[in-house]
Amino acid sequence: MTLTNKTILITAAGQGIGAASALACAQAGAIVIATDVNADLLTNLDDVSGIETRVLDVTDADAISALATEIPDLDGLFNCAGIVHHGSVLELTEADWAFALDLNVTSMVRMCRAFVPGLLRRAHSEGSASILNMSSMASSEKGFINRTAYGATKAAVIGLTKAIAADFVAQNLRCNALCPGTVDTPALQGRIASAPDPVQAEKDFIARQPMGRLATVEDLTPTIVHLLSDDSRFITGQSVLVDGGCTI
Ligand code: NAD
């Protein structure tokens, strides 16, 4: 039970990678604060031992401050929320760009500003605390077609992660970024369903994975638990690829 006695807050935990992470962290012994903007999705976690749920929109700075007042001290923070904007720079409006930057990057700045003081208290009293920020292989790791806003904002997540890691490395607060490949989640299924030819779109997503299959959320959760636990105590400031060999 690598996360016993640790309190871990996860954003976007209503479905997909965030929900799987909440379940995996609870199974590893953590007290999980599972948050999401969608209250209905969170009800799926209501009866899970070790998980408490809270509605939280990561674009709402006041709501984040209120939650940090209610639950000030954390051992782990997993900033998972993010969205995909589909299109090249030619299809990217000012509003699209502002929204992608707000949800994919500024939300993490807000969360860290609110929760780093409590993470530092735990790092001081317990000897460690950990932040994990959701990036992607589509970032500074690799360019992909029609992922201008996504790739740029996920690259910014890596820069933010390294800066936070540098600021707090001497105080036992670590910060890493996770860079998954293509993961089978409700968001991905939505992208496939809304493509002009969904069958071809699914084939194309699988074709970009050299192992010939999409990642499952369970392909990611052991690494997520590891990076939030003390087992990864000498790892900080890293972008950790779990991409099935996409960036070889
Ligand atoms: P998903 O759509 O399956 O789940 C996303 C969750 O985010 C939903 O529960 C939704 O309600 C919540 N959410 C949306 N806006 C929010 C807000 N403002 N505040 C709080 N919660 C909000 O998505 P997923 O595929 O599991 O992706 C999760 C993260 O993983 C994203 O940051 C995504 O960029 C990243 N990622 C996904 C893949 C992939 O292939 N699925 C690959 C690499 C990285």
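Just so you know, these numbers come straight off a predicted model, no measurement behind them. Read the numbers this way: they start at 1 and go in the same order the structure lists the ligands and their atoms. Throughout, numbering of the chain's residues begins at 1 and tracks the sequence.
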Atom 22 (C) of ligand 1 has as its nearest protein heavy atom Val37 CG1, 3.5 Å

Go through it in stages, so that I can follow the logic: the residues are Arg147 and His86, the test is side-chain hydrogen bond (donor to acceptor under 3.5 Å, both in side chains), and I'd like the CA-CA distance, side-chain angles, deciding distance and then a yes or no. CA-CA 6 Å; Arg147 289 291 179 269; His86 180 92; 3.2 Å; yes

If you compare Val183, Thr59, Leu214, Ile17 by their heavy atoms, the one closest to atom 37 (C) of ligand 1 turns out to be Ile17

Among Cys179, Gly190, Cys80, the residue with a heavy atom nearest to atom 32 (O) of ligand 1 is Cys80

Ser135 heavy atoms within 4.0 Å reach ligand 1 at atoms 44 (C)

*Any chance CG of Asp46 has more than 12 other-residue heavy atoms, nucleotides or ligands included, within less than 6.0 Å?*
yes

Closest to atom 7 (O) of ligand 1 among protein heavy atoms sits Ala12 CB, 3.2 Å

Exercise. Do the charged groups of Arg208 and Asp243 touch, with an N to O distance under 4.0 Å?
Worked result: no

message = Measuring from non-hydrogen atoms of Lys154 to any atom of ligand 1, is the shortest distance under 4.0 Å?
response = yes

| query | Side chains of Thr2 and Asp231: is there a donor and an acceptor less than 3.5 Å apart? | reply | no

Exercise. Less than 3.5 Å between some nitrogen or oxygen of Asp57 and one of ligand 1, yes or no?
Worked result: yes

Exercise. Do Glu91 and Ser88 have side-chain atoms, one donor and one acceptor, less than 3.5 Å apart?
Worked result: yes

Q. Is it true that atom CD1 of Ile145 has more than 12 heavy atoms of other residues, nucleotides or ligands lying nearer than 6.0 Å?
A. no

*asked:* Please check if the number of heavy atoms outside Asp197 that lie under 6.0 Å from its CG is greater than 12.
replied: yes

Per-atom filter on ligand 1: closer than 4.0 angstrom to a heavy atom of Pro180 are 43 (C), 44 (C)

Between Ser136 and Lys154 the two heavy atoms that sit nearest each other are CB-CG, 4.0 Å

among protein heavy atoms, the one nearest atom 9 (O) of ligand 1 is Asp36 OD2, 2.6 Å

Using distance alone, with no hydrogens and no angle criterion, decide if Ser65 and Asp62 have a side-chain donor and acceptor under 3.5 Å apart. no

Counting from 1 in the order shown, the ligand 1 atoms closer than 4.0 Å to a non-hydrogen atom of Ala81 are 32 (O)

Shared hydrophobic cluster, Ile10 / Leu23 (ILVMFWY, side-chain heavy atoms < 4.5 Å):
yes

In ligand 1, the atoms that come under 4.0 Å of a heavy atom of Pro186 are 3 (O)

The closest protein heavy-atom partner of atom 19 (N) of ligand 1 is Val58 N, 3.0 Å

(Q) Are any of the N/O atoms on Ser136, whether in the backbone or the side chain, positioned under 3.5 angstrom from an N/O atom of ligand 1? (A) no

Atoms of ligand 1 under 4.0 Å from any heavy atom of Leu56, numbered from 1 in the order shown, are 19 (N), 20 (C)

Do the side chains of Phe78 and Ile51 join up, straight or via other hydrophobic residues, at under 4.5 Å, putting them in one cluster? yes

heavy-atom search around atom 42 (C) of ligand 1 in the protein gives Gly181 O, 3.1 Å

When distances are taken from atom 4 (O) of ligand 1, the protein heavy atom at minimum range is Gln15 CG, 3.4 Å

Presence of salt bridge, Asp184 and Arg213, under 4.0 angstrom
no

A student checking ligand 1 against Leu41 at a 4.0 Å heavy-atom cut-off should list atoms 9 (O), 11 (O)

Under 4.0 Å from one or more heavy atoms of Thr182, ligand 1 contributes atoms 40 (O)

Atom 24 (P) of ligand 1 has as its nearest protein heavy atom Thr185 OG1, 3.7 Å

- Message: If hydrophobic clusters are built by linking Ile, Leu, Val, Met, Phe, Trp and Tyr wherever their side-chain heavy atoms come under 4.5 Å apart, do Ile131 and Leu67 end up in the same one?
- Response: yes

The closest protein heavy-atom partner of atom 23 (O) of ligand 1 is Ala187 CB, 3.4 Å

Ligand 1 and Tyr150, any nitrogen or oxygen pair closer than 3.5 angstrom? yes

A student checking ligand 1 against Met134 at a 4.0 Å heavy-atom cut-off should list atoms 29 (C), 30 (O), 32 (O), 35 (C)

